[in-house]
Amino acid sequence: LPILKPKDEL
Amino acid sequence: MNIFRLLGDLSHLLAIIILLLKIWRTRSCAGVSGKSQILFALVFTTRYLDLFTNFISMYNSAMKLIYLVCSYATVFLMYFKFKATYDSNHDTFRMEFLVVPVGGLAFLVNHDFTPLEILWTFSIYLEAVAILPQLFMISKTGEAETITSHYLFALGSYRALYIVNWVFRFYTEGFFDLIAIVAGCVQTILYCDFFYLYITKVLKGKQLTLPA
């Protein structure tokens with residue numbers, strides 16, 4: 001699974 | 001931020017506002033599934049807890065707040081202010097049939113086993129199926145008011161635009177979030193049948209009725 005990023009989508 | 005994302009967000013906002021205005025202006029929530037609206041309020045609540053933990057942009061925070069306030073306002077209008085007009089006899093989908101499996105799945109398949117991340121994942125999975133009580137209600141009554149179908153069309157467009165946004169982001173930034181993408185595609189597929197009816201009926205000026 002991809003690396004965790006801040007959720008910039010709504 | 002790209003144009004598809006922005007149009008998707010605006011389409012989502014439009015859907016929420018269409019529904020609120022419809023209920024407010026007609027003083028009635030007939031034909032609207034309160035179950036779907038409760039599920040959407042739950043989706044926003046569990047997803048936007050990061051309002052308190054990380055700041056992305058003014059746009060991001062403002063939209064989150066607007067979605068939250070509007071979804072709670074819709075639930076309030078349906079279950080309190082205009083409760084007498086709520087069509088609960090036709091809104092019989094059992095919410096626990098969605099919330100329980102979705103909760104289990106969020107525990108099993110997530111990016112990181114932390115409370116916020118599990119809640120975020122839960123909200124993504126739940127959003128994918130939250131419209132089912134509304135679609136179920138329409139299939140039970142066999143029809144939807146034109147304004148309700150505009151609401152659903154705006155909501156479905158938001159999902160479709162988000163898919164285009166992900167394709168765009170994948171090619172331009174190499175960004176992808178598998179959980180969001182799979183759930184988003186499932187959600188969009190649920191609208192396909194409705195899109196077909198919307199284009200063949202509502203856009204030709206007829207009311208949305210299901211074939212017998």
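A, B, ... follow the sequence lines: proteins, then strands. Residue 1 opens every chain.
Residue contact with chain A, scored on non-hydrogen atoms closer than 4.5 Å, involves the side chain of B:Tyr48 exclusively. Residue contact with chain A, scored on non-hydrogen atoms closer than 4.5 Å, involves the side chain of B:Asp9 exclusively.
No side-chain N or O of B:Arg159 forms a donor-acceptor pair with one of B:Thr188 less than 3.5 Å apart. B:Asn165 and B:Asn2 share a donor-acceptor pair across their side chains, judged by distance under 3.5 Å alone.
By the 4.5 Å heavy-atom criterion applied to side chains, B:Arg27 and B:Thr85 are not counted as neighbours.
Judged by the 6.0 Å distance and 45° axis criteria, B:Arg94 is positioned over the aromatic ring of B:Phe97.
Listed options B:His12, B:Arg5, B:Lys64 were ranked by heavy-atom pairs under 4.5 angstrom with chain A; first place goes to B:Arg5.
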